[in-house]
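Letters A, B, ... mirror the listed sequences (proteins, then strands); counts begin at 1. Note that the structure is a prediction, hence the values are computed from the model and not measured. All values below come from the heavy atoms of this structure, side chains included, with hydrogens, waters and symmetry mates left out.
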Amino acid sequence: MSTEFGVWVAALMTIGLFSFLYKDNPFFKVCEAVFIGSSTGYWAVVYFFDNLQKKLWEGIFPPDGAVGDAWLWGGAILGILMLCRLSNKIGWIARWPVSFIVGATAGLYMINYFVSSAMMQVASTMQSLVVTNGGGIDWQATIGSVVVAVAVVSGLIYFFFSKEHTGAFGGVAKVGIWFLMITFGASFGYTVMSRMSLLIGRMDYLFGDWLGMIR
Amino acid sequence: MVSTANQGDRRCATNLIRLLLVTFAVLLTFLHNRALADNSAVDTSSVVSASITPLAPPTSLVVSDHVYDNAERLDLVWVPSIDDKLIASKLIEYRVYRITDSGDGQRIAVLPAGANSFSDENVESGHQYSYYITSVGADSEFPSISSEPIEPEREWLNYHLISLLLICMIIGVAITYFIETARRGKKLFIRRIAGLEAIDDAVGRATEMGRPILFIPGIQDMDDVGTVAGVTILGRVCRVVAEFDTKISVPTSRSLVMTAARETIKTAYQTAGRPDKYSDDMSNYITDEQFGYVAAVNGIMVREKPATCFYMGTFYAESLLLAETGNSVGAIQIAGTSNPMQIPFFVVACDFTLIGEELFAASAYLSSEPKQLGSLKGQDLGKAIALTAITIGVIAATGSSAWHIGWMQDILNALESIFLTR
Amino acid sequence: MRREIPLIITTIAGLVFAISYFIPHMPFGEAETIFGDWVTIVQAFAIWLGVLNLLRVTGEKIHRKRPGWTYAAIVIVTMVGTIAIGIYEGFAGMNATPPSSYRDAGTTFDWIFQYLYDPLSSTMFAMLAFYISSAAYRAFRARNLEATMLLIAAFFMMGGRVPLLDQLISPFTDTLVFSKLSSWIMNFPVAGGQRAIAIGIALGIMSSSLRVILGIERSHIGGGE
Amino acid sequence: MMGHYIALSLLAVLGLGMIFIFYLTVKGRTIERRFVFLYIVFTVSLPLFVKMKPPIQVSPEVQQVVETITSLSPGAKVLISCDFDPPSAPELQPMLVAFTKYALKHDLKLIFMGLWPLGPSQANRGLRLALADTIIAAKNLTYGVDYVNLGFQSGNEFVIQAMGGSFKSMFPQDDRRIPYDSIPLLNGVVNYRQIDLVMNFSAGKPGTIEWIQNAVDRYQVKLSAGNTAVQAPQVYPYLRAGQVRGLMGGMSGAAEFELALNEKGKASSFILSQMFSHLAVMLFVIVGNVAWLMTRKKK
């Protein structure tokens, strides 16, 4: 069993949150409050030093006395305008920095996302359906590339809204929904794996780090 | 990149310029060397001891900025050393040295004998670079004259992205065009969406059973497109609800969403001719906190036992918790979300699920709002381009690799040069 | 004015980032760098806005003695405590020789991270494991063809990614059939399906970004036509 | 062998429990969710006590990561972006630790950073574990020369983007507040061009996909990645397109990675729990559906 004070605190906090699974209770609520408080505080400190202090303040006033970057003032002003949201009277002014962020994100995403997730994906789908190796046909790879091509095309057709899903078009769309379901099924399986990993991590902490029952 | 002819022209022109520059430089160096020789000035050979064979350094080194790039490349050309011979050459290799901002020379490349050009792709704008090249023999190294310092430039157009720009423009223009068309009142066709008929049945069922309907518009704020689509669908649901006179409850996790929901419900009741039946209690704000909101909604479900639950909007981990509770109280559940990670949970726990973009299509279909309809149409055009390109590309790739058909390879190359932006 | 200025800001910020992809030349490349700096700074301010907001909301709760105000008090105490400790230790470490970080092992702030923040946030998400299990038992039904296909794919994935199904057939064969099958599903049908989804999403993002930049979409500044 | 028997008897106990649940469910008495929770606690924790070498095989996508890493020559500079926080640590931390150990043993130069505020803390924890390794401790590595932690910077994908121009603009000082220019390891490192590989450990957004969009496709960076299981399926199309070189998905990916690099760690010892928990979920789905079909037929 651990003799470290911190490990005990951590273990009790873990149990406190898990107690909600049985029933809502004051112990859970205390742990939840500590969680909200400590996490908000943690993030605030990280942003304070790594950004506001290190980048903004020392960027404008370099510690070695060099000339600072005057452009950073723009960011500082936008940031301060952001804080105006706290006031009901001049809260509307916070729309300026918000517009800036929304616009910048839109601009960056519009092209970058399009390049990586559309153009590059279209380009890399243009593969030969028949894959040969040496003299003969590599059947495994051939089936694979046929499957990829069919999945992409039929999936896109399913999400095509300008034409009714009838006839051959409807048939392809049907294949599309099957591939989409396989895709979702796989991500479902992976999600289970992820969540279970988290639980295993916690259990390992309780039985290993705290109680010392696992070596 | 977009047309090979164009590129050829350009290359031709640059080569011509380069040739002129080189000729000019050769002349200059010649004169310069003559001058040096006349003054019998100290040159590099004096450093070299008599025991090693002297080698002539390369001459006429010209460094030029690479065109149409983001200041990331400088091109070097030179005339090889006269000792660089095909047979029995004493010259083994050339070494390229770079001086950054008048610092010390740094070796950046070693090239085999016979080389007369090099591209340094490791430069930055805002720095001055000059270069010298050495002839290297078995036991000696002789430097050329350093080139003039040059700074790589950021050009006006990143030329190899021109096809990307074109495609972006086509889709962008199409979207704005369709939005405008829809605004002018032209009807744009959108296909029927499977889950939508289920809405009427589900509302009818709640009426028969005399139990309420629960509508969850996601946990995001009104700036999220998913939430907007959810609230739009709420309008349609409410029109049926008003006709059947069923009870509806819309708990929200953002106060702005509550305001929007109330407006929507009110309008729906007015449209259905039942403004008297509307009350503000139909939509309530609960809390911004994710799990707090879920706990409250689950409480509502267990107490009121709704006959039908709608989940339309943007959902995260709560999708699972909501759908499971709804299932356990025996509700018919209809969901729609664009978050691919949460779709699986809705598909297996709900009776009907609008998958991904179907949510937006449903919302555009129901509201016929120009903004939504136009975007959807523009995106469809994008998909049509992608589909065509993939189909032609796959056929061409198959033809060229399996049956070695030459022109198919050309088509494939052309398509790849358009879509591969690297 | 309250509406026009934000619209202009949105458009300029968006255009700079979109155009500089194609035109890295002055002034776009430079503007992109400067705007990028600004974004990071505004985001840091947004975090502090959240802190101040939380202080205000919980403070009001305590002041009015609303239900659960004691828990609100715990929130404030832990938050202010964490911030005070972190900032004190950060500045102390800055002036020390050799300089150290508030994040280094052995600081009180690191203690808070290791024994409060870490276990609490991990546990919060670990709870989902329980909910998934109970949903698997009570809600996940093969109620139609689509759901059935989804569940089957999920089955192979759960059983194939860990050596589970392969262990079951190990008396008969040594080849890891299910592990290979799950890898195949991921690399071909799933990669294809995800690609179709990704292309769709990319187009969607493009059109909504375009609407934002052109000022057609205005919900972020309070909506309305 | 002993472990095998314990595992089998465990399986038997849990199996009996499942049969009992099945019996009750079919009888129409859906058991309360608290019992399901309890059952999961047992399935997850009991295997933790069993020491058994899991029969895993390295999958091609993990193999690709290993090949990318092993192809680096000593002195190569690797940028490691830790884009995750404690909740995802059970999946990603083993990958980070295994990688760090391997890299330090093979004299790679490591530059850590984080796009998530808590990423650098995770990096420090991983480093602490790796530096405690006897072989690595014997090398007497120095901070700033062999490895460095740049810390966190806010701005998500904008940071990746800006680093394409210069690292220093985003990280004027490292985590210990030493100015960028006075760190020997970073001497000559201007931007991605001086980096031989970017390793990304990602639990969401910003993460691998943002690195692909803003660094790989724009600045031709070489990228390998470890992802949480939730995130991994979304990365597969990019894996096929060659935009990312290799992918480790979730805890099983981590276990395979540990196996391939021969750096046994946490993931390998967790994999049995993972197996049992998956089995439980699969059985729950079957039990629930069978009972559902039977009651539906009756109606």
Side-chain angles (χ1 to χ4, degrees), chain A residues 6 9-10 13-14 17 29 33-42 44-45 47 49 51-52 56 71 75 78-79 82 95 97 99-100 102-104 106-111 113-114 117-118 121 144 147-148 151-152 155-156 159 179-186 188-189 195-196 198-199 202, chain C residues 2 6 9-10 13-14 17-18 21 34-35 37-39 41-42 44-47 49 51-52 71 74-75 78-79 82-83 86 90 115-117 119-120 123 125-126 128-130 132 146 149-150 153-154 157-158 188-190 192-196 198-200 202 205-206 209 212-213 220-221:
Chain A
V9 174
M13 289 289 158
T14 306
L17 285 188
K29 283 191 176 144
V34 173
F35 174 50
I36 297 171
S38 62
S39 65
T40 320
Y42 192 94
V45 172
Y47 274 88
F49 280 109
N51 185 292
L52 296 181
L56 179 63
W71 283 110
L78 281 175
M82 192 79 176
R95 278 180 190 169
S99 313
F100 176 74
V102 169
L108 182 70
Y109 268 32
M110 187 161 79
I111 310 295
Y113 215 108
F114 187 70
S117 301
Q121 301 305 322
V147 165
V148 171
V152 178
L156 276 175
F159 286 128
F179 275 111
L180 290 175
M181 283 305 146
I182 292 172
T183 307
F184 293 135
F188 180 101
R195 304 293 184 232
M196 286 301 167
L198 306 187
L199 184 59
R202 288 332 291 159
Chain C
R2 285 193 185 188
I9 293 177
T10 313
F17 277 96
Y21 201 100
I34 292 165
F35 280 15
D37 282 350
W38 290 6
V39 171
I41 293 166
V42 174
F45 272 98
I47 291 289
L49 175 71
V51 170
L52 298 174
Y71 302 115
I74 297 177
V75 170
T78 44
M79 182 175 76
T82 309
I83 293 178
Y115 298 120
L116 286 180
Y117 182 81
L120 284 168
T123 311
F125 282 88
L128 285 169
F130 291 110
I132 275 202
E146 277 92 43
M149 290 190 72
L150 195 158
M157 213 40 69
M158 281 191 270
F188 298 100
V190 171
Q194 287 283 4
R195 201 170 267 173
I199 294 174
I205 285 184
M206 188 177 192
S209 302
V212 164
I213 293 174
H220 63 284
I221 51 162

>> Looking only at heavy atoms and a cut-off of under 4.5 Å, which of G189(A), A106(A), A118(A) has the most pairs with chain C?
In response: A106(A)
> Nearest 0.5 Å, what's the CZ-OG1 distance between F35(A) and T40(A)?
Replying inline: 8.5 Å
> Looking at V75(C), L150(C), I205(C), which has the largest count of heavy-atom pairs under 4.5 Å with chain A?
Replying inline: L150(C)
>> Once side-chain hydrogen bond (donor to acceptor under 3.5 Å, both in side chains) is applied, do any residues pair with Y117(C), and if so which ones, sequence neighbours excluded?
In response: W43(A)
> So what's closer than 4.5 Å to chain A heavy atoms on M79(C): side chain, backbone, both or neither?
Replying inline: both
> Who among A186(A), G79(A), A151(A), G41(A) has the most heavy-atom pairs with chain C under 4.5 Å?
Replying inline: G79(A)
> With chain C, which of G155(A), P97(A), S38(A) has the greatest number of heavy-atom pairs at distances under 4.5 Å?
Replying inline: S38(A)
> Where on L180(A) is there a heavy atom nearer than 4.5 Å to chain C: the side chain, the backbone, both, or neither?
Replying inline: side chain
> Counting heavy-atom pairs under 4.5 Å to chain A, which of L128(C), I47(C), V42(C) comes out on top?
Replying inline: I47(C)
> Measuring heavy-atom distances to chain A, does I213(C) have an atom under 4.5 Å in its side chain, in its backbone, in both, or in neither?
Replying inline: side chain
> So which of A196(C), A153(C), P119(C), A46(C) has the largest heavy-atom pair count under 4.5 angstrom toward chain A?
Replying inline: P119(C)
> Which answer fits V34(A), side chain, backbone, both or neither, if we ask what part of it has an atom under 4.5 Å from a heavy atom of chain C?
Replying inline: both
>> Would you say the ring centers of F35(C) and F100(A) fall short of 6.0 Å from each other?
In response: yes
>> Below 4.5 Å, heavy-atom pairs only: which of F130(C), F17(C), Y71(C) has the largest tally toward chain A?
In response: Y71(C)
> Heavy-atom distance under 4.5 Å to chain A: side chain of L52(C), backbone, both or neither?
Replying inline: both
> Do any N or O atoms from the side chain of S117(A) and from the backbone of F114(A) form a donor-acceptor pair under 3.5 angstrom?
Replying inline: no
>> Among V51(C), I74(C), T78(C), I132(C), which residue has the highest count of heavy-atom pairs closer than 4.5 Å to chain A?
In response: T78(C)
>> Could you work out, with side-chain hydrogen bond (donor to acceptor under 3.5 Å, both in side chains) as the rule, every residue matching Y115(C), not counting sequence neighbours?
In response: E4(A)
> Is W38(C) reaching over with its side chain to a backbone N or O of W71(A), donor-acceptor style, under 3.5 angstrom?
Replying inline: yes
> What heavy-atom pair brings V39(C) and A104(A) nearest, and what distance separates the two atoms?
Replying inline: CG2-CB, 3.9 Å
>> If you compare all heavy atoms of N51(A) against all heavy atoms of I41(C), which two are closest, and at what distance to 0.1 Å?
In response: OD1-CA, 3.8 Å
> Which pair of heavy atoms, one from V45(A) and one from T82(C), lies closest together, and at what distance?
Replying inline: CG2-O, 3.9 Å
>> For chain A, which candidate among A44(C), A198(C), G90(C), G200(C) shows the most heavy-atom pairs at distances under 4.5 Å?
In response: A44(C)
